[in-house]
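Structure first, then comments.
Counting from 1, the numbers follow the sequence of the chain as shown.
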Amino acid sequence: MNSSTTPYRSTFTLIAALLFFAGCPLLPAQDNAAPATSSSDAANAAPPPETTKTLWEVILQGGWVMIPIGLCSLGTVYLIIDGIIRTGKGKIAPEAHEKRLQSLFQSGDYIGAYQFCKTNPSPLNNVVRIGISLLGDGKQATEEGMIAELAKENSRIQTWISYLSVIGVCSPMLGLLGTVTGMMRAFDKLGSSGIGDPTSLSASIGEVLTATASGLFIAIPAFMAFYFLRNRATVALHHIQDVIAKLFRKMPYETMAGAQIGDEIVFAAVPNWIQATSGAVAYQ
């Protein structure tokens, strides 16, 4: 035997022996009295029963974080329904209101148009009402007043829609919080009992996955509804601008200079240090 190959052969023999003895505990012990199971019997053996969970059981598996996620889901449904109603054309600018305003403007009945807008509030009528009340102050003041009122209406609509974006951001964060707490519980059980109790460990892992999936399940439709309703509201407000541009086109501001239309309270007055009797200026 070659002396150079002797160390290698001894090393291979030692490794083979270690692998053999290490693998022995992994081999199941067989009872000599038990009959050998044929392959056909193993194939005909019934599979283990599958355990199915109801939706409520899956929700309960998510842990405490499912309570705020459930509230977010209810808020999402409410905000979507409310946003669809708020951004609808029948709510923003009803067709009956448009036709009535066109008829009153064509007849020059601006006082009647003001009263109609006041008794029938809507985003369109609110903007037109402010414009009519400022006709006596000139074109620039009228347009600036209507632009400011239109910005207010836009803010009222967009405020409720923006809460969908808040839910879309917070829901995954809540799911992540449930993931972290579930992982902490899983590692705590793993550190205390090891892998000898797989049931409690799998329950904690199930809580992790359920919380994460639930947060994403709420965030995705919330974000989709947010962008849909925001674009829907923008289109509705552009329609208001088109209607107002038609109503106030060729408005005779000169003939109504200084007129006071409507019952808006005017607080501005002549300074009290001006003496109207003498025409002189005196400072009190």
Considering non-hydrogen atoms only, spot the tightest contact between [X] and [Y] and give its length.
{"X": "I69", "Y": "G215", "answer": "CD1-N, 4.0 Å"}
{"X": "P252", "Y": "Y110", "answer": "CD-OH, 4.3 Å"}
{"X": "L247", "Y": "V128", "answer": "CD1-CG2, 4.1 Å"}
{"X": "R232", "Y": "G88", "answer": "NH2-CA, 3.3 Å"}
{"X": "I161", "Y": "L229", "answer": "CD1-O, 3.6 Å"}
{"X": "I218", "Y": "S73", "answer": "CD1-CB, 3.3 Å"}

A quick test of your reading: do over 12 heavy atoms of other residues, nucleotides or ligands sit less than 6.0 Å from [atom1] of [X]?
{"X": "Y163", "atom1": "OH", "answer": "no"}
{"X": "I111", "atom1": "CD1", "answer": "no"}
{"X": "F217", "atom1": "CZ", "answer": "no"}

Audit row: T76, L164, side-chain contact (heavy atoms from CB on, under 4.5 Å) steps and yes/no: CA-CA 6 Å; T76 300; L164 286 171; 4.1 Å; yes

Examine distances only and state if a side-chain atom of [X] and a backbone atom of [Y] form a donor-acceptor pair shorter than 3.5 Å.
{"X": "N120", "Y": "F116", "answer": "yes"}
{"X": "S133", "Y": "I130", "answer": "yes"}
{"X": "N154", "Y": "L150", "answer": "no"}
{"X": "S162", "Y": "T159", "answer": "yes"}
{"X": "S122", "Y": "A93", "answer": "no"}
{"X": "T179", "Y": "G175", "answer": "yes"}
{"X": "S103", "Y": "K99", "answer": "no"}

Pair M146-E149, side-chain contact (heavy atoms from CB on, under 4.5 Å): steps then yes or no: CA-CA 5 Å; M146 288 191 295; E149 185 64 24; 5.7 Å; no

Atom pair [atom1] ([X]) and [atom2] ([Y]), whose distance is rounded to the nearest 0.5 Å:
{"X": "L124", "Y": "E95", "atom1": "CG", "atom2": "CD", "answer": "12.0 Å"}
{"X": "M256", "Y": "I132", "atom1": "CE", "atom2": "CD1", "answer": "9.5 Å"}
{"X": "N125", "Y": "E153", "atom1": "CG", "atom2": "CD", "answer": "10.0 Å"}
{"X": "L74", "Y": "L79", "atom1": "CG", "atom2": "CG", "answer": "11.0 Å"}
{"X": "I240", "Y": "K89", "atom1": "CD1", "atom2": "NZ", "answer": "11.0 Å"}
{"X": "C170", "Y": "L177", "atom1": "SG", "atom2": "CG", "answer": "11.5 Å"}

Residues F248, L135; criterion side-chain contact (heavy atoms from CB on, under 4.5 Å); working and verdict: CA-CA 10 Å; F248 287 83; L135 286 175; 3.9 Å; yes

Do [X] and [Y] belong together in a cluster built from hydrophobic side chains that touch within less than 4.5 Å?
{"X": "L71", "Y": "Y78", "value": "no"}
{"X": "F223", "Y": "I84", "value": "yes"}
{"X": "F105", "Y": "Y114", "value": "yes"}
{"X": "V169", "Y": "W160", "value": "yes"}

E98: partners by side chain to side chain donor-acceptor pair (under 3.5 Å), with sequence neighbours left out: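 Residues passing side chain to side chain donor-acceptor pair (under 3.5 Å) with E98: H239.
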
Candidate pair R100 and L104, rule side-chain contact (heavy atoms from CB on, under 4.5 Å), full reasoning: CA-CA 6 Å; R100 180 59 177 168; L104 292 171; 3.9 Å; yes

I157 vs I92 side-chain heavy atoms within contact, under 4.5 Å: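 Touching, per the 4.5 Å side-chain cut-off.
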
Minimum side-chain heavy-atom gap Q241-L237 below 4.5 Å: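 The answer is no; the side chains never approach within 4.5 Å.
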
